[in-house]
Chemist: 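This structure is in structure tokens; I'll ask about it shortly.
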Amino acid sequence: MRYSKFIGRSLREVPKEAEALSHRLLLKAGYIDPLMAGVYTFLPLGWRVMRKIEEVIREEMEGIGGQEILMPTLQKKEQWLESGRWDGPGEIDPPLFKFKDRRDRELALGPTHEEIVTDLARRFISSYKDLPLAVFQIQNKFRNEMRPTGGVLRTREFLMKDLYSFHANEEDIDRYYREVIKAYERIFSRCGLKVLVVSAHSGTIGGSESHEFMLPATAGEDRAVYCEHCDFASNLQKSGELKNCPNCGQTIFTTAAIEMAHIFKLGTTYSEKMQAYFVGPDGSRHPLVMGCYGIGLARIMAAAIESKAGHDERGIIWPKELTPFDVHLVSLAGGEDVAETLYGAMEKSGLETLYDDRDEPAGVKLTDADLIGIPVRVLVSKKSLEAGGVEVSSRS
RNA sequence: CGGGGAUUAGCGCAGUGGUAGCGCGCUCGCUUUGGGAGCGAGAGGUCGGCAGUUCGACUCUGCCAUCCCCGACCA
């Protein structure tokens, strides 16, 4: 794509509201644009990164047998009354965005899909022979947060991958839960993120056991404790302050962290409330054993930048899997014609190319290239041509 | 929801009780071109909203809205 035609080119000055590093860089480089508190447009660069993240997640979810579906954003009150999360003591937190349609019927925007998916399950799953079953979607969620923070780190509308699994018994969900953890570890490692898997509270989602995937980062709102000698790690909220590892007695470390993902063993909480049963080999009815597993896509985008390898003083440095384009082609004075030809050839060969064809001084184009953070740069100029060709360099 | 800060051109900011300016960006022309270029000429504003005080309000007062930061919650 030609940078001269982009909607959302880089900014000389960053809006002062941005404090978090990833927020500043995403705004300055033209990846996102704010609409209101906690609501953003993803501009071409930002959306391409989101699609890359989506692809990594999709591959890994399909790799563990997840079937992709798309459930509605508009949800009806009745199902939320069934689960007890519409209002009252069991009300979901943050609360639902609720409103009425033209017939005065109460609706909500979905913040998560346990109700919808459990309803699907009770109608489509009837026998133990149908189990296990896992479905996932990548869909916009709406949460009426008290306070959105850190740009795209915590928003009121956000793209989330949510996976739901259904099992005949505890042993089977234990097995699948471990598979999901491995798939998540692959997702984060492919996105260049070194995360801690910590045990956590399950909040208003409910269930018996839950884990969070935390990225140590100063912008994080959470705190995690972990042991460097064994695999003990926990959300500080759950473990409380610790000096020594409860497993091996070694010193415990504490770090600020971004919650990247959260997974839950829901057990039969929802299936019992919503009467989602299956018939076992013995011919009697049992409630489905459920798990749910969520990842915030924009958080991965922001976290990749917040991580140590994701930026330097000049701008963003994308990992290969997330970069919005494979190559950043930059023409400088005297290199325009060759750059045009090269651009055509690169596009034709299937290389995703961002072509900075603007008539701008070298300083502007090079500074923007550093800011945008595409890992490979190809420079064509009079100087490079005199030296026999083009310059290829790596952002890191 | 509690506390703090803010709202003037696309972005960053000045400013005064007498009807608004700077830098960047944008448009046109010329010059320039290896690290955010130069000169010249332009376009762009109901000064967040509603009341009030006043001969006169962007400026003073009140209410409201919106945004940011800190706290409790989340992917």
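Proteins come first, then strands; the chains are lettered A, B, ... in the order of their sequence lines, and each starts at number 1. Predicted model, so just to flag it, every value in this text is computed and none were measured.
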Chemist: Measure all distances between protein nitrogen or oxygen atoms and nitrogen or oxygen atoms of nucleotides 36-40 of chain B, and list the pairs falling under 3.5 Å.
Modeler:
residue, atom, partner, partner atom, Å
B:G36, O2', A:Arg12, NH1, 2.5
B:G36, O6, A:Lys28, NZ, 2.6
B:G36, N1, A:Asp368, OD1, 3.2
B:G36, N2, A:Asp368, OD2, 3.4

Chemist: A:Asp359 has an atom CG; how far is it from atom C1' of B:U27, in whole Å?
Modeler: 15 Å
Chemist: Dump the pairs, protein N or O against N or O of nucleotides 71-73 of chain B, anything under 3.5 Å, distances to one decimal.
Modeler:
residue, atom, partner, partner atom, Å
B:C73, OP2, A:Gln237, NE2, 3.1
B:C73, O2', A:Asp93, OD2, 3.3
B:C73, O2, A:Glu145, OE1, 3.2
B:C73, O2, A:Arg154, NH2, 2.9
B:C73, N3, A:Arg154, NH1, 3.1
B:C73, N3, A:Arg154, NH2, 2.1
B:C73, N4, A:Arg154, NH2, 3.4

Chemist: Output side-chain donor-acceptor pairs under 3.5 Å for residues 139-159 of chain A, partner residues at least two apart or in another chain, one line each.
Modeler:
residue, atom, partner, partner atom, Å
A:Gln139, OE1, A:Lys141, NZ, 2.8
A:Gln139, NE2, A:Met71, O, 2.9
A:Gln139, NE2, A:Pro72, O, 3.4
A:Gln139, NE2, A:Thr73, OG1, 3.2
A:Gln139, NE2, A:His113, NE2, 3.4
A:Asn140, OD1, A:Leu159, N, 3.4
A:Asn140, ND2, A:Glu157, OE2, 2.9
A:Lys141, NZ, A:Asp162, OD1, 3.1
A:Lys141, NZ, A:Asp162, OD2, 3.2
A:Arg143, NE, A:Pro111, O, 2.9
A:Arg143, NH2, A:Pro111, O, 2.8
A:Glu145, OE1, A:Arg154, NE, 3.1
A:Thr149, OG1, A:Glu221, OE1, 3.2
A:Thr149, OG1, A:Glu221, OE2, 3.3
A:Arg154, NH1, A:Glu221, OE1, 3.0
A:Arg154, NH1, A:Glu221, OE2, 2.8
A:Thr155, OG1, A:Glu157, O, 3.0
A:Arg156, NE, A:Ala37, O, 2.9
A:Arg156, NH2, A:Ala37, O, 3.2

Chemist: Taking atom types as modelled, find out whether A:Ser384 and A:Glu391 have a side-chain donor-acceptor pair closer than 3.5 angstrom.
Modeler: no
Chemist: Can a salt bridge be assigned to the pair A:Asp368 and A:Lys365 using a cut-off of 4.0 Å between side-chain N and carboxylate O?
Modeler: no
Chemist: Under the rule syn = chi within 90° of 0, otherwise anti, which is B:U61?
Modeler: anti
Chemist: Charged N to carboxylate O below 4.0 Å: is that the case for A:Lys98 and A:Glu106?
Modeler: no
Chemist: Name each donor-acceptor pair under 3.5 Å that joins a side chain in residues 125-133 of chain A to protein atoms two or more places apart or in another chain, with its distance.
Modeler:
residue, atom, partner, partner atom, Å
A:Ser127, OG, A:Lys129, N, 2.8
A:Asp130, OD2, A:Ser126, N, 3.0
A:Asp130, OD2, A:Ser127, N, 3.1

Chemist: Just to be sure I understand: a Watson-Crick pair is purine N1 to pyrimidine N3 plus N6-O4 or O6-N4, both under 3.5 Å. Using that and G-U wobbles, which stems of three or more pairs involve RNA chain B?
Modeler: B:1-7 with B:65-71, B:10-13 with B:21-24, B:26-31 with B:37-42, B:48-52 with B:60-64
Chemist: Look at all strands and tell whether A:Arg377 reaches a base, only sugar-phosphate, or nothing, counting heavy atoms closer than 4.0 Å.
Modeler: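 It contacts base atoms.
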Chemist: With a 3.5 Å cut-off and sequence neighbours excluded, list the donor-acceptor pairs that the side chains of residues 300-310 of chain A form with protein atoms.
Modeler:
residue, atom, partner, partner atom, Å
A:Glu306, OE2, A:Ser22, N, 2.9
A:Glu306, OE2, A:Ser22, OG, 2.8
A:Ser307, OG, A:Ala304, O, 3.0

Chemist: Give me the distance, rounded to whole Å, that separates B:G45 from B:A9 when you measure between the C1' atoms they each carry.
Modeler: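 That atom pair is separated by 6 Å.
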Chemist: Taking only heavy atoms on the protein side, list every residue of residues 293-303 of chain A lying under 4.0 Å from any atom of RNA chain B, sorted numerically.
Modeler: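 When residues 293-303 of chain A is checked for heavy atoms under 4.0 Å from RNA chain B, the hits, listed by number, are A:Gly294, A:Gly296, A:Arg299.
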Chemist: If the P atom of B:G35 is compared with that of B:G42, how far apart are they to the nearest Å?
Modeler: 33 Å
Chemist: Under a 4.0 Å heavy-atom cut-off, which of residues 60-72 of chain A touch RNA chain B?
Modeler: none
Chemist: Identify all side-chain donor-acceptor contacts of residues 237-248 of chain A below 3.5 Å with residues at least two apart in sequence or on another chain.
Modeler:
none

Chemist: Please give, in whole Å, the distance from B:C74 C1' to A:Lys141 NZ?
Modeler: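 So the two atoms are 14 Å apart, to the nearest Å.
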Chemist: Determine whether the aromatic ring centres of A:Tyr40 and A:His23 lie less than 6.0 Å apart.
Modeler: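 Yes: the rings meet the under 6.0 Å criterion.
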Chemist: List, one per line, each side-chain donor-acceptor pair under 3.5 Å for residues 24-36 of chain A, sequence neighbours excluded.
Modeler:
residue, atom, partner, partner atom, Å
A:Arg24, NH1, A:Ala18, O, 2.8
A:Tyr31, OH, A:Trp318, NE1, 2.8
A:Tyr31, OH, A:Ile372, O, 2.6

Chemist: Once rounded to the nearest 0.5 Å, what's the spacing between atom CD1 of A:Ile263 and atom OG of A:Ser210?
Modeler: 7.5 Å
Chemist: If I pick the P atom on B:G23 and the same atom on B:U61, what distance separates them, to the nearest angstrom?
Modeler: 31 Å
Chemist: Figure out the CG/P separation between A:Leu332 and B:G35, and round it to whole Å.
Modeler: 9 Å
Chemist: Whole Å only: how far is the CD1 atom of A:Ile263 from the P atom of B:C74?
Modeler: 16 Å
Chemist: Nearest whole Å is fine: how far is B:C74 P from A:His211 NE2?
Modeler: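 So the NE2-P distance, A:His211 to B:C74, works out to 17 Å.
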Chemist: Without decimals, in angstroms, what is the distance between A:Asn235 CG and B:C74 C1'?
Modeler: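 In whole Å, B:C74 C1' lies 11 Å from A:Asn235 CG.
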Chemist: Expressed as a whole number of Å, how far does the C1' atom of B:C60 sit from that of B:U66?
Modeler: 23 Å
Chemist: How long is the span from the CD1 atom in A:Ile295 to the CD1 atom in A:Ile53, to the nearest 0.5 Å?
Modeler: 10.0 Å
Chemist: For the C1' atoms, the ones on B:G18 and on B:A65, what distance do you get once it is rounded to whole angstrom?
Modeler: 29 Å
Chemist: For B:U8 versus B:A14, give the span between their P atoms, rounded off to a whole number of Å.
Modeler: 11 Å
Chemist: Look at A:Glu179 together with A:Arg175 and state whether they make a salt bridge at an N to O cut-off of under 4.0 Å.
Modeler: yes
Chemist: To the nearest Å, how far apart are A:Ile92 CD1 and B:A75 P?
Modeler: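 Between P of B:A75 and CD1 of A:Ile92: 9 Å.
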Chemist: Tell me the interatomic distance from A:His23, atom NE2, to B:C11, atom C1', rounded to whole angstroms.
Modeler: 14 Å
Chemist: Supply the atom-to-atom distance A:Arg122 CZ to A:Leu120 CG, rounded to the nearest 0.5 angstrom.
Modeler: 9.5 Å
Chemist: Could A:Asp119 and A:Arg123 be called an ion pair, given the rule that one side-chain N must be under 4.0 Å from one carboxylate O?
Modeler: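 Here A:Asp119 pairs with A:Arg123 in a salt bridge, since their nearest N and O are under 4.0 Å apart.
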Chemist: Using the C1' atom as the point on both nucleotides, what is the distance between B:C68 and B:A37, in whole Å?
Modeler: 35 Å
Chemist: Which pairs of donor and acceptor atoms, one on a side chain in residues 345-353 of chain A, lie under 3.5 Å apart (sequence neighbours left out)?
Modeler:
residue, atom, partner, partner atom, Å
A:Ser349, OG, A:Met346, O, 2.9
A:Glu352, OE1, A:Arg48, NH2, 3.4
A:Glu352, OE1, A:Lys52, NZ, 3.1
A:Thr353, OG1, A:Leu351, O, 3.1

Chemist: Just how far is it from atom CG of A:Leu266 to atom OG of A:Ser165, taken to the nearest 0.5 Å?
Modeler: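 Going from CG on A:Leu266 over to OG on A:Ser165, the span is 8.0 Å.
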Chemist: By salt bridge (charged side-chain N to carboxylate O under 4.0 Å, His left out), which residues pair with A:Arg9, not counting sequence neighbours?
Modeler: none
